[in-house]
Number of protein chains: 2
Amino acid sequence: MEITIADKEVLMSEEKIVNDIIEGICPIRNIIASISDKWSLLVIYTLSQNPKMRFGEIHKSIPDISQRMLTVTLRSLEAGGLVSRQVFPEVPPRVEYQLTDLGYSLLDPLRGLVNWALNNMEVIQESRKNYQQ
Amino acid sequence: MEITIADKEVLMSEEKIVNDIIEGICPIRNIIASISDKWSLLVIYTLSQNPKMRFGEIHKSIPDISQRMLTVTLRSLEAGGLVSRQVFPEVPPRVEYQLTDLGYSLLDPLRGLVNWALNNMEVIQESRKNYQQ
DNA sequence: CCGTATCCTCGGTGATACTG
DNA sequence: CAGTATCACCGAGGATACGG
């Protein structure tokens, strides 16, 4: 029996559906999926340093993010309701971002994780260095 | 002026060095980098459900991870000192994994995050659904 | 049973150029 | 200033086959 491209597409979409179901049911999968992109947590942390920040300010705080990824990340956070975005119809344009209450509420558990990392980072790095085979 | 392949390799390695420095200095980058792979947190959570687990048991708990990625993830966690691995020289072979004290210590801050996710997941999903443009 | 070895795909990311 | 549009790339991860 042969597998056609159409079959593959069906399989792919089924796989995606299964994946969505798993993530929908399993809260852990869900947070991991949200968290595990390269920039989101960093942007949230940056925004927590100031009440309001313009696009350029955020970019200055995270110099090595590309303009594209900063936009993509901010939009994604806005979609989730973690960040609000206010456009001022001026010339030149001004856009201000700030954490929503929901966004701020994430800071508490996040701090727990950061503190854990601060306390154990060196041990972990040492362990990694000495790990053989 | 032309950019040769050799030049590119130099640029790449410099970029990687810069990246390493940033991650070395900035603890937040460091945790994000450690956390943001697809399976680590899930494996840690799974291992927290039982004191000791065999390779096959873990695989049954996370059916959609490939054998390869389960091995890779377990080795990476072992390297960081979060998981211990004990091989029994039997036929057929038996290998047992368990969280180390360091591994268990991650569970507390992790629970904070999971609880936050449980409390806010629906709001976020609703927000994402209604997000236009 | 518990892996390792290959090969390959695909999507996230960066670089660059352009617009209102 | 704050984006979009386009293209090219790498590397995490999957599929498969084999090994002790």
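Quick note on labels: first sequence line is chain A, next is B, and so on, each numbered from 1. Computed over heavy atoms, backbone and side chain alike; hydrogens, waters and symmetry mates excluded. As the structure is a computational prediction, the values presented were derived from the model and not from experiment.
Of the possible polar contacts, none joining the B/T46 side chain to the B/I58 backbone as a donor-acceptor pair under 3.5 Å is found. The main-chain N or O of A/V72 is never found under 3.5 Å from a side-chain atom of A/S76 such that the two would form a donor-acceptor pair. Formation of a donor-acceptor pair under 3.5 Å by the A/N50 side chain with backbone atoms of A/M53 is not found in this model.
At the heavy-atom level, B/F88 lies nowhere under 4.0 Å from the strands shown.
Whole-Å rounding puts the A/R68 CZ to D/dT6 C1' distance at 10 Å. Straight-line distance from the CE atom of A/M53 to the P atom of D/dC1: 15 Å, rounded to whole Å. Look at CG on B/L70: it is 13 Å from C1' on D/dG13, rounded to the nearest Å. For A/M69 and D/dC10, the CE to P distance is 18 Å, given to the nearest whole Å. Per the geometry, CH2 belonging to B/W39 stands 9 Å off P belonging to D/dG13, to the nearest Å. Rounded to whole Å, the distance from CG on A/L74 to C1' on D/dT4 is 15 Å. Protein atom CD1 of A/I65 is 12 Å distant from nucleotide atom P of C/dA15, rounded to whole Å. Atoms CG (B/D37) and C1' (D/dG14) sit 15 Å apart, rounded to a whole Å.
Along DNA chain C, the nucleotide nearest to B/F55 and the one nearest to A/P93 differ in position, and the one closer to the 5' end is contacted by B/F55. DNA chain D is contacted by both B/Q67 and A/G56; A/G56 maps to the nucleotide lying nearer its 5′ end (nearest heavy atom per residue).
In this structure, A/R29 CZ and A/S34 OG are separated by 13.5 Å, a value rounded to the nearest 0.5 Å.
The side chain of A/R54 places no N or O atom within less than 4.0 Å of a non-bridging phosphate oxygen (OP1 or OP2) of D/dC1. Within the structure, every side-chain polar atom (N or O) of B/R75 is placed at least 4.0 Å from both OP1 and OP2 of C/dC2. Regarding contacts with the backbone of C/dC2, every side-chain N or O of B/Y97 stays at 4.0 angstrom or more from both OP1 and OP2.
With respect to the salt-bridge test (charged N to carboxylate O, under 4.0 angstrom), the residues A/K60 and A/E57 do not qualify.
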